[in-house]
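The chain is numbered in sequence order, starting from 1. Reckoned from all heavy atoms, side chains included, excluding hydrogens, waters and symmetry mates. Just follow the structure's listing: the first ligand is 1, and inside any ligand the first atom is 1.
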Amino acid sequence: MLHTFLVAATLLLFSAAACGETDPDSGLIVDEHWQLVKANCSACHSPKLVTQNRGSRQNWLKTIRWMQETQGLWQFDAVTETAILDYLEKNYAPAAASRRAPLNRLLMPVNPYPTETG
Ligand code: HEC
(Lines give C-alpha, C1' and ligand atoms only; values in the text may rest on other atoms or scores of the structure.)
Protein backbone atom coordinates (compact mmCIF):
# COMPACT_ATOMS: atom_id res chain seq x y z
CA MET A 1 0.00 0.00 0.00
CA LEU A 2 2.71 2.40 1.06
CA HIS A 3 4.74 1.20 -1.91
CA THR A 4 1.93 2.01 -4.34
CA PHE A 5 1.58 5.42 -2.78
CA LEU A 6 5.30 6.12 -3.10
CA VAL A 7 5.35 5.05 -6.74
CA ALA A 8 2.35 7.26 -7.50
CA ALA A 9 3.88 10.19 -5.62
CA THR A 10 7.18 9.79 -7.48
CA LEU A 11 5.43 9.64 -10.85
CA LEU A 12 3.44 12.75 -10.00
CA LEU A 13 6.57 14.55 -8.96
CA PHE A 14 8.36 13.68 -12.18
CA SER A 15 5.44 14.60 -14.42
CA ALA A 16 5.05 17.91 -12.56
CA ALA A 17 8.74 18.65 -13.06
CA ALA A 18 8.62 17.73 -16.75
CA CYS A 19 5.38 19.57 -17.48
CA GLY A 20 5.90 23.12 -18.66
CA GLU A 21 9.58 23.11 -17.84
CA THR A 22 11.45 22.23 -21.03
CA ASP A 23 10.33 21.39 -24.53
CA PRO A 24 10.95 17.62 -24.89
CA ASP A 25 11.81 18.06 -28.55
CA SER A 26 14.49 20.76 -28.31
CA GLY A 27 15.32 20.81 -24.61
CA LEU A 28 14.70 24.56 -24.53
CA ILE A 29 13.23 26.02 -21.36
CA VAL A 30 9.59 26.84 -22.04
CA ASP A 31 9.23 30.56 -21.39
CA GLU A 32 8.12 33.62 -23.31
CA HIS A 33 9.52 33.57 -26.90
CA TRP A 34 10.92 30.02 -26.67
CA GLN A 35 9.24 29.02 -29.93
CA LEU A 36 10.87 31.96 -31.68
CA VAL A 37 14.24 30.75 -30.44
CA LYS A 38 13.46 27.17 -31.43
CA ALA A 39 12.48 28.28 -34.94
CA ASN A 40 15.51 30.52 -35.44
CA CYS A 41 18.21 28.73 -33.49
CA SER A 42 17.87 25.08 -34.40
CA ALA A 43 17.88 25.32 -38.20
CA CYS A 44 21.65 24.85 -38.61
CA HIS A 45 22.72 23.09 -35.44
CA SER A 46 21.25 21.22 -32.54
CA PRO A 47 19.40 23.36 -30.02
CA LYS A 48 21.75 21.73 -27.52
CA LEU A 49 24.34 24.24 -28.68
CA VAL A 50 22.01 26.86 -27.23
CA THR A 51 20.97 24.98 -24.09
CA GLN A 52 24.50 23.98 -23.10
CA ASN A 53 25.73 27.56 -23.33
CA ARG A 54 25.24 30.43 -20.94
CA GLY A 55 26.05 34.07 -21.27
CA SER A 56 25.17 37.66 -20.63
CA ARG A 57 22.93 39.50 -23.09
CA GLN A 58 26.07 41.08 -24.54
CA ASN A 59 27.67 37.68 -25.06
CA TRP A 60 24.60 36.23 -26.72
CA LEU A 61 24.51 39.23 -29.04
CA LYS A 62 28.18 38.71 -29.85
CA THR A 63 27.51 35.06 -30.70
CA ILE A 64 24.59 36.06 -32.93
CA ARG A 65 26.69 38.72 -34.70
CA TRP A 66 29.49 36.20 -35.18
CA MET A 67 27.08 33.72 -36.77
CA GLN A 68 25.64 36.47 -38.96
CA GLU A 69 29.07 37.58 -40.13
CA THR A 70 30.66 34.18 -40.64
CA GLN A 71 28.08 31.37 -40.55
CA GLY A 72 25.25 32.60 -42.74
CA LEU A 73 22.79 33.41 -39.98
CA TRP A 74 20.11 35.71 -41.34
CA GLN A 75 19.42 39.24 -40.04
CA PHE A 76 16.61 39.67 -37.54
CA ASP A 77 14.26 42.63 -37.40
CA ALA A 78 14.70 44.62 -34.17
CA VAL A 79 11.59 43.18 -32.48
CA THR A 80 12.63 39.57 -33.16
CA GLU A 81 16.21 40.17 -32.05
CA THR A 82 15.05 41.81 -28.82
CA ALA A 83 12.68 38.92 -28.10
CA ILE A 84 15.41 36.31 -28.72
CA LEU A 85 17.88 38.20 -26.52
CA ASP A 86 15.27 38.66 -23.77
CA TYR A 87 14.70 34.91 -23.74
CA LEU A 88 18.40 33.98 -23.79
CA GLU A 89 19.35 36.56 -21.16
CA LYS A 90 16.60 35.37 -18.83
CA ASN A 91 16.93 31.62 -19.27
CA TYR A 92 20.57 31.07 -20.19
CA ALA A 93 22.38 33.64 -18.08
CA PRO A 94 25.72 32.80 -16.48
CA ALA A 95 25.12 30.47 -13.54
CA ALA A 96 26.25 31.42 -10.07
CA ALA A 97 29.18 29.39 -8.79
CA SER A 98 27.80 26.23 -7.26
CA ARG A 99 30.88 24.78 -5.60
CA ARG A 100 31.01 24.91 -1.83
CA ALA A 101 33.93 26.62 -0.16
CA PRO A 102 36.86 24.28 0.60
CA LEU A 103 36.96 22.69 4.06
CA ASN A 104 39.22 24.21 6.65
CA ARG A 105 42.44 22.20 6.71
CA LEU A 106 41.99 21.47 10.43
CA LEU A 107 38.70 19.72 9.70
CA MET A 108 40.28 17.40 7.13
CA PRO A 109 41.30 13.83 8.00
CA VAL A 110 44.99 13.16 8.37
CA ASN A 111 46.64 12.67 4.99
CA PRO A 112 47.91 9.06 4.96
CA TYR A 113 50.47 9.84 2.25
CA PRO A 114 53.80 11.50 2.94
CA THR A 115 54.01 15.12 1.75
CA GLU A 116 56.95 17.51 1.53
CA THR A 117 55.75 19.49 4.52
CA GLY A 118 55.16 16.32 6.53
C1 HEC B 1 22.54 29.91 -40.44
C2 HEC B 1 22.93 28.86 -39.54
C3 HEC B 1 22.81 29.13 -38.05
C4 HEC B 1 21.69 29.53 -37.36
C5 HEC B 1 20.29 29.78 -37.88
C6 HEC B 1 22.10 29.67 -35.96
N7 HEC B 1 23.41 29.30 -35.83
FE8 HEC B 1 24.43 29.14 -34.09
N9 HEC B 1 26.05 28.47 -35.08
C10 HEC B 1 26.12 28.23 -36.45
C11 HEC B 1 27.37 27.58 -36.77
C12 HEC B 1 27.82 27.13 -38.15
C13 HEC B 1 28.05 27.42 -35.54
C14 HEC B 1 29.39 26.75 -35.30
C15 HEC B 1 29.09 25.30 -35.02
C16 HEC B 1 30.27 24.52 -34.63
O17 HEC B 1 31.25 25.07 -34.13
O18 HEC B 1 30.19 23.28 -34.76
C19 HEC B 1 27.20 27.99 -34.51
C20 HEC B 1 27.52 28.02 -33.16
C21 HEC B 1 26.68 28.46 -32.16
C22 HEC B 1 27.04 28.52 -30.75
C23 HEC B 1 28.36 28.08 -30.16
C24 HEC B 1 29.29 29.28 -30.26
C25 HEC B 1 30.62 29.00 -29.65
O26 HEC B 1 31.26 29.98 -29.26
O27 HEC B 1 31.03 27.83 -29.56
C28 HEC B 1 25.98 29.02 -30.09
C29 HEC B 1 25.87 29.29 -28.60
C30 HEC B 1 24.95 29.30 -31.08
N31 HEC B 1 25.40 28.92 -32.32
C32 HEC B 1 23.71 29.83 -30.77
C33 HEC B 1 22.77 30.14 -31.72
C34 HEC B 1 21.54 30.87 -31.43
C35 HEC B 1 21.15 31.41 -30.06
C36 HEC B 1 20.86 30.97 -32.60
C37 HEC B 1 19.57 31.68 -32.84
C38 HEC B 1 19.58 33.11 -32.61
C39 HEC B 1 21.65 30.28 -33.63
N40 HEC B 1 22.80 29.82 -33.06
C41 HEC B 1 21.28 30.14 -34.96
C42 HEC B 1 25.14 28.52 -37.37
C43 HEC B 1 23.87 28.95 -37.08
Side-chain angles (χ1 to χ4, degrees):
M1 178 64 204
L2 181 65
H3 182 222
T4 314
F5 170 76
L6 285 178
V7 169
T10 309
L11 284 176
L12 259 174
L13 209 74
F14 276 116
S15 55
C19 163
E21 283 275 289
T22 55
D23 167 36
D25 181 33
S26 65
L28 286 166
I29 294 169
V30 173
D31 197 4
E32 201 178 2
H33 308 310
W34 75 273
Q35 281 143 320
L36 194 62
V37 172
K38 184 177 179 179
N40 283 285
C41 305
S42 57
C44 303
H45 50 63
S46 161
K48 286 207 176 74
L49 217 46
V50 180
T51 59
Q52 74 193 8
N53 273 290
R54 296 186 153 267
S56 63
R57 189 181 189 91
Q58 196 52 40
N59 269 312
W60 281 113
L61 182 61
K62 258 170 64 183
T63 305
I64 288 175
R65 289 286 178 267
W66 170 78
M67 287 181 288
Q68 286 172 331
E69 281 157 23
T70 63
Q71 309 298 330
L73 174 58
W74 44 87
Q75 301 294 315
F76 299 116
D77 62 73
V79 174
T80 304
E81 189 165 282
T82 300
I84 289 175
L85 286 170
D86 284 349
Y87 172 87
L88 293 172
E89 181 184 28
K90 180 171 172 207
N91 293 292
Y92 296 95
S98 59
R99 295 202 61 167
R100 62 166 173 75
L103 285 178
N104 184 316
R105 202 155 176 222
L106 298 173
L107 298 175
M108 304 271 269
V110 175
N111 186 348
Y113 304 105
T115 61
E116 278 175 31
T117 51

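Looking only at side-chain heavy atoms (C-beta outward), R57 and D86 come within less than 4.5 Å of each other. The shortest distance between side-chain heavy atoms of I29 and W34 does not fall below 4.5 Å. Between L36 and Y87, every side-chain heavy-atom pair lies at or beyond the 4.5 Å cut-off. Side-chain contact between M67 and H45: present, with at least one pair of heavy atoms (C-beta onward) separated by less than 4.5 Å.
Both W74 and I64 sit in one connected hydrophobic cluster of ILVMFWY residues. Membership requires side-chain heavy atoms under 4.5 Å apart, directly or through other members. Connection of V50 to W66 is established within a shared hydrophobic cluster, with ILVMFWY side chains joined at heavy-atom distances below 4.5 Å, either directly or through further cluster members.
The two atoms that bring D25 and K38 nearest to each other are OD2-NZ, 2.8 Å, heavy atoms only. Between E81 and Q68, the shortest heavy-atom contact is OE1-NE2, 4.2 Å.
Distance remark: protein heavy atom present below 4.0 angstrom from atom 9 (N) of ligand 1. Protein non-hydrogen atoms do reach within 4.0 Å of atom 40 (N) of ligand 1. At a distance under 4.0 Å, no protein heavy atom can be found next to atom 16 (C) of ligand 1. Under the 4.0 Å distance rule, the nearest protein heavy atom to atom 31 (N) of ligand 1 falls inside the cut-off.
One finds no salt bridge joining K62 and E69 here, because no Lys/Arg side-chain nitrogen approaches an Asp/Glu carboxylate oxygen to under 4.0 Å.
Looking at Q71 next to ligand 1, no N or O pair under 3.5 Å apart turns up.
Among A43, C44, G55, the residue whose heavy atom sits closest to atom 4 (C) of ligand 1 is C44.
Here L49 has heavy atoms under 4.0 Å from ligand 1 in both its backbone and its side chain. Both the backbone and the side chain of L73 come within 4.0 Å of ligand 1, judged by heavy-atom distances.
Short contacts between ligand 1 and N40, defined as distances under 4.0 Å to a heavy atom of the residue, involve ligand atoms 5 (C), 37 (C), 41 (C). Below 4.0 Å from some heavy atom of G72 lie the following atoms of ligand 1, by number and element: 1 (C). In the vicinity of N53, heavy-atom distances shorter than 4.0 Å reach the ligand 1 atoms 29 (C). Close contacts of ligand 1 with W74, meaning ligand atoms under 4.0 Å from a residue heavy atom, involve 5 (C).
The nearest N, O or S atom of M67 is closer to atom 8 (Fe) of ligand 1 than 2.8 Å.
In this structure, the protein non-hydrogen atom closest to atom 19 (C) of ligand 1 is H45 CD2, 3.4 Å. Among all non-hydrogen protein atoms, the one lying nearest atom 28 (C) of ligand 1 is T63 CG2, 3.7 Å. At the top of the distance list for atom 37 (C) of ligand 1, counting protein heavy atoms only, stands C41 SG, 1.9 Å. With respect to atom 14 (C) of ligand 1, the closest heavy atom belonging to the protein is W66 CH2, 3.8 Å.
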### Task
Report the C-alpha distance between N53 and W60 in whole Å, list the side-chain angles of each, state the deciding distance to 0.1 Å, and finish with yes or no for side-chain hydrogen bond (donor to acceptor under 3.5 Å, both in side chains).
CA-CA 9 Å; N53 273 290; W60 281 113; over 6 Å; no
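Note that CG of D23 is 13.0 Å distant from CG of D31, once rounded to the nearest 0.5 Å.
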